[in-house]
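One structure is given here, and the rest of the page talks about it.
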Amino acid sequence: MTEVTTPNVYHPAEIEEKWQNRWAEQGLYDADIDSSRKPFYAVSMLPYPSGDLHIGHWYALVPSDARARFQRMQGFNVMFPIGFDAFGLPAENAAIKHNVHPKEWTYANIERMRGQLRTMGTMFDWRREMVSCDPKYYRWTQWFFTQLFKGDLAYRKSSPVDWCPHCNTTLAREQVWGDDRHCERCDTPVIKRQLEQWFFRTTNYADELLSFSGIEWPERVRTLQTNWIGRSEGAHVTFQTEALGESQESDEIEVFTTRADTLWGATFMVLAPEHPLVDKITTDTQREQVEAYIAEATRQTDVEREATDQEKTGVFTGAYAINPASGARVPIWIADYVLMTYGSGAIMAVPAGDQRDFEFARKYGLDISVVIQPEGEELPDSETMTAAVSAKGVMIHSGPLTGTDSSKDMDKVLAYLEEKGIGRRAVNFRLRDWLISRQRYWGTPIPIVYCPDCGAVPVPDDQLPVELPEDVDWRPTGESPLKLHPTWRQTPCPQCGQEAERETDTMDTFMCSSWYHLRYLSPDYDKGPFDPAEYDYWMPVATYTGGIEHANMHLIYTRFFHKACRDLGILSGDEPMTTLRNQGIILGEDSEKMSKSRGNVVAPDALVERYGTDTIRAYLMFFARWEQGAPWDSNGIEGTFRWLRRVWALCPDSPVGEATNDGTAKDGTAKDTASTLRALKRKVHQTLASVAHDYENFEFNTIVSSLMELLNEMYRAREAGVVGTSEWNEAWSFYLRMLAPTAPHIAEELWQRLWPGDSVHVQSWPEYSEEAAAEEEITLVLQVNGKVRDRLQVAVDIDRDEAEKAALASEIVQKFLDGKEPRKVIYVPGRLVNVVV
RNA sequence: GCGAAAGUGGCGGAAUUGGUAGACGCGCAAGACUCAGAAUCUUGUGUCCGCAAGGAUGUGGGGGUUCGAGUCCCCCCUUUCGCACCA
């Protein structure tokens, strides 16, 4: 038993703040350009200053911080900055609730969160902090907007857009979620409104966004983005409408199809009710019905209209078109199952090959013409068939292409269309342009002035920022609050000087977060959004970490933004972030999503007070697979606390010098001690290898468990009398350095105890010795017919013959052989012998 | 409906290329120390049979490949997530 006179007890409160202050004073985490070292730029998605740091913030930031610290010990020059995504709706909502100005609310929260972030013990370089609602920041957000505008990547158009009636603003398509098409923020179902809004041409980059070459992003995110972008290859085919009278000209209706091989089976056409040609082609006799249908369609919500289980409805326009391949006269209908927002808002209907068209044709008695011979099946009869047959196959009744197998030779079909001038190859995307106008107050003003003569004019660089006025009634009315300001709108046209008006919408806050990683490079730089020298040294971001919920929003926007800026000559490189990783979600102890209303929220501040930062850091890394998350378990944290207490208690209590114990001092146990020392050294090096591997691969839980295992081994070694040996000292030197990224305070305190001087955090990562890690003995598993029957301790270099001999010599093996002759003996070097009978 | 991921003890989770399933921790049980508790320490802990030795069984279910499968292949079930009349 250890003596009770010197209470050597771990009290995190006594050391953590002390070290945080000292590191800050020393500028330990200041990251500056240093061409002699390789840069490592690590970014975690910036937090929104909602008021209190919650456990989710810790979960996102701490393992990222630990990994950044590890990279630093590996010799990289690491920059790990932090900032605040400070514009946005919650500030306005909270401001309304508590009657404080959004700015005041936001900055008070930021101040509070800065304090909380400091208790986390992260290696943030605070000199690089950015705050997106600061005019120094949004000046450049506006500058980027004007650049995109000048490059024709920002444009204004009137279109039906998604409107959240609760947030009183438009939303981007990406911010409308789920079956009921609700607002991503407040869950209210959105409605459509026809509005004049600003868009970015994200669709220009659709194809490039589908390529993930050169970046290491999780499969999951790539799939989400790929599906979101929704590329389909096919053809545009043009149908001519039949002229109504001799004096009239025919119109062209363009359709997109992925199945040009079924063109001969197109027996009717369907236009979306909003299609611009509908009014023109509708005949007098059908007009009443058509208008009634359109009115009904308009009245319906998107949800109702787009419900897939609804029976299809439609109305004949009275007009006909000519199938450009077959020459057939086909009726033109309108139906709401055709969406104006996809393709050209018109389709060629092939009821034999498309289930939707089939149902529609059956309901309204339209012709069905089978043009694909299904492989290995009888030709469906158009009168009796009960479902469309969508597979490709050999084309029939298809003029010159009859006999072509479209499952193999689609190219021939497309070539034919092009040759005959019927259609042309085309690619269609689901992705839409990014709607960035918001009718809210707390955002970056869109830097545009509307002049009666010059039109929409971007505010010149030297007049930026267009500052957000503070004396505004920011209560949402459905109109942009800036519109209601008495004077702010009026401004001379930057081009001709006559009286003009400012744009009063603000930008989607995803615009702010599309480039914040560039502002960290040089937050005070005023000759551009970032200092090119800093950019050249640090970019691209080496690892980017954050939640996966942004896969189709922020993570698409920021990639678009980077590529657009590249093409505008603002920066270089194709991608902003090389490696992306997503943490999972911590649920409440009841396995439900944490929320105030459920009362299952875990408060980090209270945990820090009780256990200290290091314990929470270690627990967050240990308690679940980081990329997966898990329900919180408040008992589990005791285990990590116990571990750190045991580290503290085992650590020698005075500086380490030369070895004071050569391992032979203990009488009669010299041999045992020697093997213990070898085993200790081996375990230390093996742990080193696995810890390093796990840091590289974001496998944080096994880092902590390896360190726990090693500590257990060290406790056993102490009992064997190794204290004071060079192996023991090396174990501590390694242990504290391996611990430092995870539990930086205790590692520093103990390091200073043993090796007073430079911080543990400027030490280099221990050097691995393969020789030291090598096993001398292995457990040879003996199997009979694949079942484990016995185990033997043997030398690691045992050869095949010896191993087989040893196996057959085993009594237990013999018992299970039961006198039978081995038919085959399998030997896996270093692992097992399997005797097969 | 389409796409993706995941199913391992009471719980979180380990397990390079197919080669000792359940590391590490929580929880639980017994014990030590203590007047008692807390803390700490020791031991045990997948399931079933057995006093034990030992044996059987076991990674969502079923089949297959293999000397050998948590891992590879096929089918099915469940859960989570994303998209959804996308032409």
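All chains are named by letter (A, B, ...) in the order of the sequence lines, taking the proteins before the strands, and each is independently numbered beginning at 1.
- Between A:R645 and B:A39 there is no side-chain N or O to OP1 or OP2 distance below 4.0 Å.
- Under the Watson-Crick and G-U wobble criteria, each requiring two contacts below 3.5 Å, nucleotide B:A87 is left unpaired.
- Contact annotation: A:N712 does not reach the phosphate of B:A23 (side-chain N/O to OP1 or OP2, under 4.0 Å).
- With distances taken from any side-chain atom of A:K815 to the nucleotides B:U20, B:G27, B:G54, the minimum falls on B:G54.
- Taking the P atom of each, B:G68 and B:A29 are spaced 43 Å apart, rounded to whole Å.
- Summarising the base pairing, B:U20 is matched to no nucleotide, lacking a Watson-Crick or G-U wobble pair whose two defining distances lie under 3.5 Å.
- Nucleotides B:G64 and B:A69 have their C1' atoms positioned 11 Å apart, rounded to a whole Å.
- Nucleotides B:C73 and B:U65, compared at atom C1', are 7 Å apart to the nearest Å.
- At least one side-chain nitrogen or oxygen of A:N701 sits closer than 4.0 Å to the OP1 or OP2 atom of B:A14.
- Pairing for B:C81 goes to B:G3, judged as Watson-Crick or G-U wobble with the two contacts each under 3.5 Å.
- In summary, the aromatic rings of A:W434 and A:Y557 are positioned with their centroids under 6.0 Å apart.
- Using N1 to N3 plus N6-O4 or O6-N4 for Watson-Crick, or N1-O2 and O6-N3 for G-U wobble, each under 3.5 Å, B:U57 pairs with B:G46.
- A heavy-atom distance below 4.0 Å to RNA chain B is reached by these residues of residues 789-808 of chain A, ordered by number: A:R789, A:R791.
- Distance check on atom C1': B:U8 versus B:G22 gives 8 Å, rounded to whole Å.
- For the P atoms, the distance linking B:G44 with B:A52 amounts to 16 Å, nearest Å.
- When distances run from any side-chain atom of A:E709 to the nucleotides B:G19, B:C24, B:G13, the shortest one goes to B:C24.
- Rounding to whole angstrom units, CD of residue A:E770 and C1' of B:U16 are separated by 14 Å.
- Taking the side chain to side chain donor-acceptor pair (under 3.5 Å) definition, one finds that A:Y619 meets it with nothing, sequence neighbours left out.
- Geometric assessment of A:R789 against the ring of A:F816 yields a positive cation-pi assignment under the 6.0 Å and 45° thresholds.
- Look at A:S232 and you'll find a side-chain N or O under 4.0 angstrom from OP1 or OP2 of B:A87.
- Of the two residues near RNA chain B, A:K787 and A:S705, the one whose nearest nucleotide lies more 5' is A:S705.
- Under the 3.5 Å distance criterion, the side-chain polar atoms of A:E589 are matched with a main-chain donor or acceptor of A:S634.
- For A:V781, the listed nucleotide lying nearest its side chain is B:U20; candidates were B:U20, B:C86, B:G3.
- Between A:H554 and A:H550, the ring-plane angle classifies as perpendicular under the 30° and 60° cut-offs.
- Ranking B:C85, B:A14, B:A87 by closeness to the A:Y337 side chain, first place goes to B:C85.
- In this model, the phosphate group of B:U40 is approached by a side-chain N or O of A:R642 to a distance below 4.0 Å at OP1 or OP2.
- Each of A:K824 and A:F429 lies near RNA chain B, and the nucleotide nearest A:K824 is the one positioned closer to the 5' end.
- Comparing B:C85, B:U20, B:C83 against the side chain of A:T779 picks out B:U20 as the nearest.
- Between the base of B:C67 and the side chain of A:N834 there is a donor-acceptor pair shorter than 3.5 Å.
- At the phosphate of B:A14, OP1 or OP2 sits under 4.0 Å from a side-chain N or O atom of A:R625.
- A sub-4.0 Å separation between OP1 or OP2 of B:C41 and a side-chain N or O of A:R646 is present.
- In this structure, A:W217 and A:F212 have tilted ring planes: the angle between them lies in the 30° to 60° band.
- A:H182 places its NE2 atom 12 Å from the C1' atom of B:G82, with the value rounded to the nearest Å.
- Listed candidates were B:C86, B:G25, B:G19. Nearest to the side chain of A:M708 is B:G25.
- With B:A87, B:G55, B:A84 as the choices, the nucleotide that has an atom nearest any side-chain atom of A:L339 turns out to be B:A87.
- Base pairing of B:C11 is made with B:G25, judged by Watson-Crick or G-U wobble geometry with both donor-acceptor distances under 3.5 Å.
- Distances shown here put every side-chain N or O of A:Q225 at or beyond 4.0 Å from the OP1 or OP2 atom of B:G82.
- Aromatic ring centres of A:F360 and A:Y337: separated by under 6.0 Å.
- For A:I826, counting side-chain heavy atoms from C-beta on, the closest listed nucleotide (B:U17, B:G12, B:C67) is B:C67.
- For A:F622, counting side-chain heavy atoms from C-beta on, the closest listed nucleotide (B:G12, B:C26, B:A87) is B:G12.
- When both distances must be under 3.5 Å, the Watson-Crick or G-U wobble mate of B:A39 does not exist.
- With a cut-off of 3.5 Å on both Watson-Crick or G-U wobble distances, the partner of B:A52 is given as none.
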